[in-house]
Amino acid sequence: MSDIQLLPFQVRASQQIVNRYLKVLGDPDRPAYTASRPVPYYQALSAITGAGKTPVLADAVANIRGAMQAHRQPIVLWISKGKAVVDQTYANFESGGKYHHLIDPFEALYLSEMTPQAVEDGGTAFIALATVGTFNQKEKGDGTLTVHRVREDSDDSESLWSRLGSRRTADGERRPLIVVYDEGHNLTDAQTELLFELDPDAFLVASATMRTPGRLGRLIDRLKQEGWSDEPDEDTKDDIKSCLVTAISSKAVVKAELVKKQIVLGGYTGIMETMLDDMLESMATTRQKAIDLRAGFEPKAIYVCKTNVNQDDGTTDLVSRPFAERKAPPILIWRYLVEQKSVNPADIAVYCDLKVDRSDHPLPPDFKLFSGGEEDFAVFTAGSYKHIIFNLALQ
């Protein structure tokens, strides 16, 4: 896999984050919580979906590391809400991943794999990836999350979360900690409280629709009292301007063709079979156009529908019926595609929480149902399915 090179506007965004960090680091009047505890460096990356927030933050973190003391390598806690997003980021960061060169010499691992020895190893920079669910529990030691509990099968007297808070090397020195929260619009005050218990040196968030809950809002207010602004300025030429937001121009993203310039939506109200026929016809036309233009892609059809209801009257579809008598839309769509339109079942994925009586009325062997949500996502995406029947509630 070839390395992904940052585009000029992505490089500029990354450098802006780094330059503002350097400004804070060298500011003798840096605002503080207490006499010995400065407020962490904060920066929000505001950009539309598709702008490349992950590689921008990866590059920024790597360059911030370069400004820190080399004998105390930092730990980066990289967080996202969804397991699928975390797994995708890990795949991009690990050796051979398309962003690995951006984070070098960081070693990427899951937070669950972080050991006391890794925390004490001040000579190795780590990016520890985790979902919010890994740590978001108020009870901590009395709760159920491993990160907050002392392991009974070891001699360690501290939980991993506690170790991250102190993050002392074997020589007793404190390591820097950077928190990166991808999809920052999901950030809650409870999560912020837990993350700030770790006393991070820097707090970076990214979102197309940023929000600032209570604790984070108070941090921002503290910085604004010292002259920092939370109004993004995409056109500023001053990379070290006292601004809390690094904004990527949407025009630059569109110009780079990272997002679509045009989306055509078709709305249908009618008989299911007629609508499916129209979709299949459009799909065939698109496939031929892609072949003619040597576009190098295979079109997909996504059928968004209700799941466990009777197609005829909207009542609950009975799982006690044989498969051929079921009236749930995912089953009806699948049967029409396979039985009437000769679509290969191997090309169809049913990604929804369809209820099934597997003992008395099992599904056909070639009916590929992914009902585990995020747990099934990796297997589902690896399948390259051409027809995807999707749960309306998940859209």
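A side-chain N or O of N391 and one of T307 form a donor-acceptor pair less than 3.5 Å apart. Defined by atom type and a distance below 3.5 Å, a donor-acceptor pair is present between the side-chain atoms of D292 and Q288. Side-chain contact annotation: T169 with R174, donor-acceptor N/O pair under 3.5 Å absent. In this model, no donor atom of one side chain and acceptor atom of the other lie less than 3.5 Å apart for Q73 and R175. With hydrogens and angles left out, the side-chain atoms of T131 and T134 include a donor and acceptor closer than 3.5 Å. Looking at D104 and Y99, their side chains never bring a donor and an acceptor atom within 3.5 Å of each other. Looking at T192 and D189, their side chains never bring a donor and an acceptor atom within 3.5 Å of each other. Counted by atom type alone, S359 and D357 present one or more donor-acceptor pairs between their side chains at under 3.5 Å.
Remark: K341 is not positioned above the aromatic ring of W334, lacking an NZ or CZ atom under 6.0 angstrom from the ring centre and at most 45 degrees off the axis.
A salt bridge does not link E120 with R168: none of the charged nitrogens is closer than 4.0 Å to a carboxylate oxygen. Salt-bridge annotation for D317 and K327: absent, with no side-chain N of the basic residue lying under 4.0 Å from a carboxylate O of the acidic one. Between R167 and E158, no side-chain nitrogen of the basic residue sits less than 4.0 Å from a carboxylate oxygen of the acidic one, so the salt-bridge criterion is not met. At a threshold of 4.0 Å, the pair K53-D182 does not count as salt-bridged, since none of the basic side-chain nitrogens sits closer than that to a carboxylate oxygen. For the pair K83 and D87, the salt-bridge criterion is met [side-chain N within less than 4.0 Å of a carboxylate O].
With hydrogens and angles disregarded, a donor-acceptor distance shorter than 3.5 Å links the side chain of S14 to the backbone of A60. Under the 3.5 Å distance criterion, the side-chain polar atoms of R30 are matched with a main-chain donor or acceptor of V39. Side chain of R65 to main chain of P105: no donor-acceptor pair is present (N/O by atom type, distance under 3.5 Å, no hydrogens or angles). Panel note: side chain R335, backbone A324; a donor-acceptor pair is recorded below 3.5 Å. Here the side chain of E113 pairs a donor or acceptor atom with the backbone of Y110 at under 3.5 angstrom.
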Q: Test side chain to side chain contact (heavy atoms under 4.5 Å, CB included) on Y181 and W78 and set out the steps.
A: CA-CA 6 Å; Y181 197 119; W78 194 293; over 6 Å; no

Q: For the pair Q10 and L258, evaluate side chain to side chain contact (heavy atoms under 4.5 Å, CB included) and give the outcome as yes or no after the intermediate values.
A: CA-CA 12 Å; Q10 294 172 326; L258 296 182; 4.1 Å; yes

**Q.** Y21 vs Y42, ring pair (Phe, Tyr, Trp, His ring centres under 6.0 Å): CA-CA, chis, key distance, verdict
**A.** CA-CA 8 Å; Y21 169 77; Y42 169 82; over 10 Å; no

Q: Show your working on side chain to side chain donor-acceptor pair (under 3.5 Å) between N92 and T89 and close with a plain yes or no.
A: CA-CA 5 Å; N92 290 332; T89 304; 5.6 Å; no

